Amino acid sequence: MKKALITGITGQDASYLAEFLLKKGYKVFGTTRRSSTVNNERIVHIQDQITILQGDLLDQSSLASALIEAEPDEVYNLAAQSFVKTSWNQPVLTGEFTALGVTRLLEAIRVVNPKIKFYQASSSEMFGKVTESPQKETTRFHPRSPYGVAKVYGHYITVNYRESFDIFACSGILFNHESPRRGLEFVTRKISNAVARIRLNKQDKLELGSLEPKRDWGFAGDYVEAMWLMLQQEKPDDYVIATGENHSVKEFVELAFKVVGIDDWRKYTVWDKKEHMRPAEVDYLIGDYGKAKRVLGWTPKTSFKTLVEMMVKADLEREK
Ligand code: NDP
Ligand code: GDP
């Protein structure tokens, strides 16, 4: 039986990855950081099947202890301060978690067992102010937030440990991926939740920043398969994972309101609100997943329309 350890097991992606690996017959371990309240709503349905260990990205010895206890074949580093906007309020902490946290984990792997295969959750935010479209593995990085900068560090330290110590380390450059389990502060879930609440007369308005930015939005459930596939190859490498299609925030809003039968979305939406704008914006992201398709045999399965419908319907159910 193969063993996998996932950091950030309480997060969106980890919940889908854990389900996926359990179906593949893995023994799954997940790390959480200590908190005074229980924070397991995304994994409550599978928590009897996984082993939870304590591990904080700020504390290298806790990561090493988790590796010693779990003895994993594969480690998926999904833990991070993952919200771009917060990274301007907590730039140093974001660097500690999202950048140096990767080195702490890689160091723990190097010391405990350098044969462990490692997946790093890199991000399309590294492309930021894009220099070519669509963005692929060779596109130059120009991050636009402390989060993006931290992810660039995480990406390159992963490449460096591969080149320095021959560790089987892969960096998955994933474009935005969403689901009914997405955090409420991200724009997609903020919209789906507000639309459901407006439909049910529990909320009057949806308040947003700019409606213009475009993202390549995929479904998280599809993307975790790509993470696993990267670690099943003969050689470690880096891959862009995306849908190859992008849509504006406005399109997301329009479609989400349509799902609940509201055509006049403007009536319920306020935009260009200053408090939801960012000091520097990423205007346009679209990924070329050609390498992943060619080498991993991976393609996205869920369309934009299906994703929006899935999220709005799930929030309607939850809010009822
Ligand atoms: P989430 O925000 O849902 O999950 C992040 C996880 O990291 C949570 O379990 C959180 O724990 C944990 N965490 C935060 N800080 C620490 C810490 N100091 N020590 C240990 N654990 C910590 O993110 P997603 O599931 O959406 O994303 C997974 C990874 O993929 C992240 O690294 C993210 O940056 C990256 N990524 C995500 C994309 C997306 O569109 N979803 C796109 C590209 C990359 P807690 O519950 O305690 O807060
Ligand atoms: P990101 O791509 O990781 O920053 O994911 P988000 O879901 O947080 O943001 C996606 C895009 O939506 C960004 O360009 C945001 O500026 C834009 N956006 C517009 N209004 C909002 C809002 O109210 N909240 C969030 N989170 N993003 C918004």
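Model, not experiment: these values are computed from the prediction. Counting starts at 1 for both ligands and their atoms, following the listed order. Residue numbers run from 1 in the order of the sequence given.
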Can you tell me if [X] and [Y] form a side-chain donor-acceptor pair at under 3.5 Å?
X: Q135; Y: S133; value: yes
X: T131; Y: R140; value: no
X: Y268; Y: Q203; value: no
X: D59; Y: S61; value: yes
X: Q81; Y: T94; value: yes
X: E74; Y: Q232; value: yes
X: T188; Y: E178; value: yes
X: D56; Y: S62; value: no

Could you tell me which atoms of ligand 2, counted from 1 in the order shown, lie closer than 4.0 angstrom to a heavy atom of P213? 14 (O)
Looking only at protein heavy atoms, which one is nearest to [atom], and what is the separation?
atom: atom 5 (O) of ligand 2; answer: N176 ND2, 3.5 Å
atom: atom 19 (C) of ligand 2; answer: S210 O, 3.1 Å
atom: atom 20 (N) of ligand 2; answer: G209 N, 2.8 Å
atom: atom 26 (N) of ligand 2; answer: E185 O, 2.9 Å
atom: atom 3 (O) of ligand 2; answer: V84 CG2, 3.4 Å

With a 4.0 Å cut-off on heavy atoms, does K85 reach ligand 2? no
Heavy-atom distances under 4.0 Å decide this one: backbone, side chain, both or neither, for [X] against ligand 2?
X: E281; result: side chain
X: V249; result: side chain
X: D283; result: neither

Check ion pair K305-E309 (N to O, under 4.0 angstrom): yes
Under 4.0 Å between a Lys/Arg side-chain N and an Asp/Glu carboxylate O for E185 and K85? no
List of N/O pairs, ligand 1 versus protein, all under 3.5 Å?
unit_1: ligand 1; atom_1: 2 (O); unit_2: S82; atom_2: OG; d: 2.5
unit_1: ligand 1; atom_1: 3 (O); unit_2: Q12; atom_2: N; d: 3.0
unit_1: ligand 1; atom_1: 7 (O); unit_2: A80; atom_2: N; d: 3.2
unit_1: ligand 1; atom_1: 9 (O); unit_2: G8; atom_2: O; d: 3.1
unit_1: ligand 1; atom_1: 9 (O); unit_2: T10; atom_2: OG1; d: 2.6
unit_1: ligand 1; atom_1: 9 (O); unit_2: G11; atom_2: N; d: 3.1
unit_1: ligand 1; atom_1: 11 (O); unit_2: T10; atom_2: OG1; d: 3.3
unit_1: ligand 1; atom_1: 18 (N); unit_2: D56; atom_2: OD1; d: 3.1
unit_1: ligand 1; atom_1: 19 (N); unit_2: D56; atom_2: OD1; d: 3.4
unit_1: ligand 1; atom_1: 19 (N); unit_2: L57; atom_2: N; d: 3.0
unit_1: ligand 1; atom_1: 25 (O); unit_2: Q12; atom_2: N; d: 3.2
unit_1: ligand 1; atom_1: 25 (O); unit_2: D13; atom_2: N; d: 2.8
unit_1: ligand 1; atom_1: 26 (O); unit_2: R182; atom_2: NH1; d: 3.4
unit_1: ligand 1; atom_1: 32 (O); unit_2: L78; atom_2: O; d: 3.0
unit_1: ligand 1; atom_1: 32 (O); unit_2: K151; atom_2: NZ; d: 2.9
unit_1: ligand 1; atom_1: 34 (O); unit_2: Y147; atom_2: OH; d: 2.7
unit_1: ligand 1; atom_1: 34 (O); unit_2: K151; atom_2: NZ; d: 3.2
unit_1: ligand 1; atom_1: 40 (O); unit_2: H177; atom_2: N; d: 2.8
unit_1: ligand 1; atom_1: 40 (O); unit_2: H177; atom_2: O; d: 3.4
unit_1: ligand 1; atom_1: 40 (O); unit_2: R182; atom_2: NH2; d: 3.1
unit_1: ligand 1; atom_1: 41 (N); unit_2: H177; atom_2: O; d: 3.4
unit_1: ligand 1; atom_1: 41 (N); unit_2: H177; atom_2: NE2; d: 3.4
unit_1: ligand 1; atom_1: 41 (N); unit_2: R182; atom_2: NH1; d: 3.0
unit_1: ligand 1; atom_1: 46 (O); unit_2: T10; atom_2: OG1; d: 2.6
unit_1: ligand 1; atom_1: 46 (O); unit_2: N39; atom_2: ND2; d: 2.6
unit_1: ligand 1; atom_1: 47 (O); unit_2: R33; atom_2: NE; d: 2.9
unit_1: ligand 1; atom_1: 48 (O); unit_2: R33; atom_2: NH2; d: 2.7

Which option, E125, M277, R278, E275, owns the non-hydrogen atom nearest atom 8 (O) of ligand 2? R278
Test of proximity, [X] against ligand 2: N or O pairs below 3.5 Å:
X: T188; result: no
X: V187; result: yes
X: F83; result: no
X: K190; result: yes
X: R215; result: yes

Ignoring hydrogens and angles, tell me if any N or O in the side chain of N176 forms a donor-acceptor pair with the backbone of W217 under 3.5 Å. no
Exam field: side chain K190 to backbone E207, donor-acceptor pair closer than 3.5 Å: yes
Counting only heavy atoms not in K293, do more than 12 sit closer than 6.0 Å to its NZ atom? no
